[in-house]
Each structure stands twice: as C-alpha cells, then as structure tokens.
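Here's the structure, in structure tokens; my notes come after.
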Amino acid sequence: MKAVQVAPEQHVMKICPEQSELIPQPKIPGNGCCCICCGASPADINVESIKKLSNASTKWIQKSDGRVIEYYVYGSDESDAKILLQVGGDMSSAKMFSELPSIVKVLKDKNVKAISVNIPGFGFTSADPLRRIGDWAKSDVQPVLEAEGISDDTPLMLEGTSFGSLHCYSLMHHYQDRVTAAHFQVPALARDLAKELQITTKLQGCDCAANYSTTCFLYPGKWCSPVLHCCCNCCLPQVVSGMEELKKLPDYDSIKEEHGFETWQIVSEHGVKHCFANGYSGQIYNVYLKQMYDKWGFHPFNDIKLENVQKMKIMVSYGEKDPTSPESHGEYMAKYYSEKCNKDGNMFKNVKPGEVIGNDQGGKCLVNYGPGGHEAHFIPFFKGDLLGRFLDL
C-alpha cells in the first residue's frame with residue numbers, strides 16, 4: 001500500500017511566541033572555527049534571553065524561514081496615532097528609543113506610535129550576513145507591520161540615524177507611495193553611488209563582503225578571519241563603558257537638567273550592550289563595506305519616483321567634518337531634497353520648521369547643519385528636540 005504524503009504544517013506567525021513554539025532557526029555558516037569568538041556560527045535566538053532583557057515595548061516574531069525579528073513599539077497608544085519607523089545607528093539596539101523618556105514624551109504629545117525593528121544581528125534579531133540593504137524593508141519590516149495589523153495603505157514616517165540612514169532608504173524605496181516624511185540624521189550613501197555622484201567614497205569599515213566570515217578560514221584569502229573575529233570579540237565589550245565619553249559633549253548636562261535621566265547610561269545599557277546581547281557576530285557582519293555600502297539593489301534618487309518625493313516632508317541633519325558619515329553625503333542630500341521639496345528650490349538651513357516654505361505638492365525640506373562631526377546633533381536628539389522639529393515640519 002502506497003504511503004500517503006502529508007503536507008508540513010504551515011507556519012503561523014504570531015507576536016511573542018514561546019521557545020516551544022519556534023520552528024528551527026536557519027544555521028549561519030561560520031568560518032570553520034569551533035569557538036564563536038573566533039568565527040563559529042552565532043547562537044540561535046533564545047526567547048528566555050529576550051524576556052530577561054525586555055521592557056514593556058519589547059516584541060518579537062518568527063518568520064516562516066525561521067529568522068526571529070525583535071522590535072519595539074512605543075509612544076502613543078491612540079487608535080488614530082500616526083506611524084513612525086525609527087532605525088538606530090551602528091552598535092545600537094532598537095530598544096534604546098523606548099528607554100529615552102524625552103523621545104517617548106514627544107511621541108505621545110504628537111500622537112505618534114513608533115516602531116523600531118532591530119536590524120539583522122543586533123539585539124535578538126537573527127543575523128543575516130549575506131543580506132542587502134535594499135531587501136531589508138521587505139524581509140524584516142513588512143512582517144512586523146503585518147503582525148501589528150498595520151494596513152498596506154497606512155501612511156508612514158521614517159527616521160534613520162547614521163547606519164540607520166541606509167536602512168531608512170530601504171524603507172523609503174519600498175514604501176515610497178506611503179511615506180509622508182523622512183528624517184536622515186548624519187546619513188551616508190552607498191560607495192558606488194557616491195562615486196557616481198563624485199562625492200567622497202571614504203567610509204569606515206572592512207573592505208570585504210560577508211562571505212569573509214562564512215567561508216572556511218583555511219581557504220586562500222580567508223586565513224585571518226579568526227583574527228578579525230577574535231579582535232572584535234575582545235574590543236567591542238569596551239564600547240559599552242566607552243559611552244561615558246558622551247558626557248564630554250557640549251551642553252550634555254542640560255539633558256539631565258531638563259529631562260531627569262543620565263543619557264550615557266541609557267545608551268550604554270539599552271543601546272550598545274543590548275545590541276551585543278546575542279553576541280558580536282552581527283556587528284562584525286554589518287561592518288563589511290561591500291555587503292552594506294555597495295550595490296544596495298536600488299538607486300535612492302532614480303528609483304524613488306520624483307512625484308512621491310515631492311509630496312514628502314524631509315529633514316536632513318548632518319555635521320561638519322564628520323569622519324564617519326561624510327559631510328559631502330549630507331550636503332548632497334540637503335541640496336537634492338531642497339530643490340525637489342521647497343518653493344523655488346530654496347534651502348532652509350537651521351531655521352524653525354514653520355519657516356520652511358515648501359512646494360505646491362505638500363513637500364518640504366529642512367536642513368540642520370553644524371559643527372561637531374558625527375555628534376553634531378546628539379544633544380537635541382537625546383532631548384527629543386530633533387524629533388520634535390521633524391514632526392513639526
């Protein structure tokens with residue numbers, strides 16, 4: 001008698017599944033080493049670990065491919081709240097936003113619900129070393145929006161900081177007919193695009209692709225992979241305590257005076273430390289320039305329709321002599337969006353949102369620029385003032 005084949009049970013995505021409800025997670029190939037600190041495959045995501053470090057805003061889902069996506073929902077809980085997708089920078093967990101009282105207050109005051117999704121390898125989101133920036137919105141964010149019951153025609157606002165600005169562009173491209181506003185803080189563009197635009201292509205990171213960490217170190221050209229992983233695993237823990245350096249920023253004390261919290265401790269504990277909560281492999285994968293900063297899979301100025309851009313309210317915040325996110329990148333974006341979104345293409349720099357005169361299609365562009373390099377806007381960011389300016393635009 002011929003055996004009857006039974007189709008496998010279809011995976012049902014639910015919010016905050018228990019460990020027993022998880023399907024097998026995809027195994028990421030390591031570099032052949034048996035020790036994770038030298039490049040072995042990163043550990044699976046464990047639900048109990050998520051819970052241990054969670055707050056009231058923590059949520060997670062598991063996709064049908066087995067990857068776990070951790071995200072945070074905070075701000076307004078009103079049914080008519082606007083939706084903001086926030087993306088943090090390098091070495092920073094999505095959890096940090098929900099732990100900053102100043103940010104949460106602005107969101108509640110403006111009736112905005114924010115969702116911040118941890119990018120692959122950060123916090124308790126499964127690593128995805130061979131990913132492309134252009135795929136992130138569809139692969140990681142869309143499942144979250146579906147899980148949260150956000151309809152396909154709901155307008156979206158976006159904010160991306162530093163490394164998060166790349167992911168903000170992924171969102172802007174994928175949801176371009178739904179995006180009403182976008183804020184790029186200390187942004188950086190892909191190297192191949194920068195070359196095309198004849199602006200600086202000098203960026204921080206390792207000039208290789210993720211297969212460097214997912215190919216056996218015995219292969220030619222891969223022998224020093226264990227050394228890189230070992231150095232990163234030794235050095236990255238120091239970044240946590242290094243956040244106390246934020247206290248040296250001009251006007252730092254005003255944050256605590258006005259809002260009552262110690263910024264560097266929140267950034268250290270809920271930004272950096274939580275980013276590394278499931279290991280350092282994700283951070284290592286995310287510094288490979290050829291993986292993250294080359295060939296995004298779309299052109300941010302050609303493939304996002306002009307008719308969509310001209311309807312958006314866009315804010316570009318960048319710093320003078322920024323060694324991490326080149327000043328020329330922010331400058332190019334400031335000119336481009338000012339031309340497309342403001343009346344007569346005028347640039348409105350360092351003015352109040354109400355002073356910006358937009359085009360006749362609903363678009364506006366506000367530019368924030370000043371000294372301080374990569375940290376140029378950190379103080380107004382932590383105070384919630386920068387977010388307030390964006391939402392008032």
Using a 4.5 Å cut-off on heavy atoms from C-beta on, say whether the side chain of Pro326 contacts that of Leu203.
->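 A side-chain contact exists here, since the closest heavy-atom pair is under 4.5 Å.
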Quick check: is [Y] connected to [X] through a chain of hydrophobic side chains (ILVMFWY, heavy atoms under 4.5 Å apart)?
X      : Y      : value
Met96  : Val87  : no
Leu85  : Ile61  : yes
Tyr280 : Val267 : yes
Tyr337 : Tyr175 : yes

Using a strict cut-off of less than 4.0 Å between a Lys/Arg side-chain nitrogen and an Asp/Glu carboxylate oxygen, indicate whether [X] and [Y] qualify as a salt bridge.
X      : Y      : answer
Asp251 : Lys383 : yes
Lys110 : Asp392 : yes
Glu355 : Lys352 : no
Glu262 : Lys256 : yes
Asp360 : Lys343 : no
Arg132 : Asp135 : yes
Lys59  : Glu148 : yes
Lys105 : Asp109 : yes

Under 3.5 Å, is there a donor-acceptor pair between the side chain of [X] and the main chain of [Y]?
X      : Y      : answer
Lys313 : Gly362 : yes
Glu327 : Lys321 : yes
Lys63  : Ser139 : yes
His329 : Leu189 : yes
Arg191 : Thr201 : no

Where do Met312 and Thr180 land on the side chain to side chain contact (heavy atoms under 4.5 Å, CB included) test, with the steps shown first?
-> CA-CA 5 Å; Met312 299 178 189; Thr180 60; over 6 Å; no
Search all heavy atoms of [X] against all heavy atoms of [Y] and return the closest pair with its distance.
X      : Y      : answer
Val272 : Val239 : CG1-CG1, 3.8 Å
Cys33  : Cys38  : SG-O, 3.6 Å
Pro120 : Arg67  : CG-NH2, 3.6 Å
Asn31  : Ala40  : OD1-N, 3.9 Å

Steps toward ring pair (Phe, Tyr, Trp, His ring centres under 6.0 Å) verdict (Tyr169, Phe184) = CA-CA 9 Å; Tyr169 261 128; Phe184 299 91; 4.5 Å; yes
How would you list all residue pairs meeting side chain to side chain donor-acceptor pair (under 3.5 Å) that involve residues 38-52, not counting sequence neighbours?
-> Glu18-Lys51
Decide yes or no on ring pair (Phe, Tyr, Trp, His ring centres under 6.0 Å) for His274 and Phe124, but give the supporting numbers first.
-> CA-CA 8 Å; His274 193 269; Phe124 292 104; 5.6 Å; yes
Can you list the other members of the hydrophobic cluster that holds [X], where links are side-chain heavy atoms under 4.5 angstrom apart?
X      : answer
Val186 : none
Ile28  : Tyr212, Leu228, Ile284, Tyr285, Tyr288
Leu130 : none

Atom pairs and distances, side-chain donor-acceptor, residues 156-167, under 3.5 Å, sequence neighbours left out:
from, atom 1, to, atom 2, distance (Å)
Glu159, OE1, Gln86, NE2, 2.7
Glu159, OE2, His183, ND1, 2.8
Thr161, OG1, Gln185, NE2, 3.0
Ser162, OG, His374, NE2, 3.0
Ser165, OG, Ser162, O, 2.5
Ser165, OG, Ala188, N, 3.2
His167, ND1, Phe163, O, 3.1
His167, NE2, Arg131, NH1, 3.2
His167, NE2, Arg131, NH2, 3.2

Distance flag, aromatic centroids of His377 and Tyr318, threshold under 6.0 Å |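 No, they do not, as the ring centres are separated by 6.0 Å or more.
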Going by the ring-ring contact (aromatic ring centres under 6.0 Å, His included) test, which pairs reach into residues 43-88, not counting sequence neighbours?
->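 Listed by first then second residue: nothing to list.
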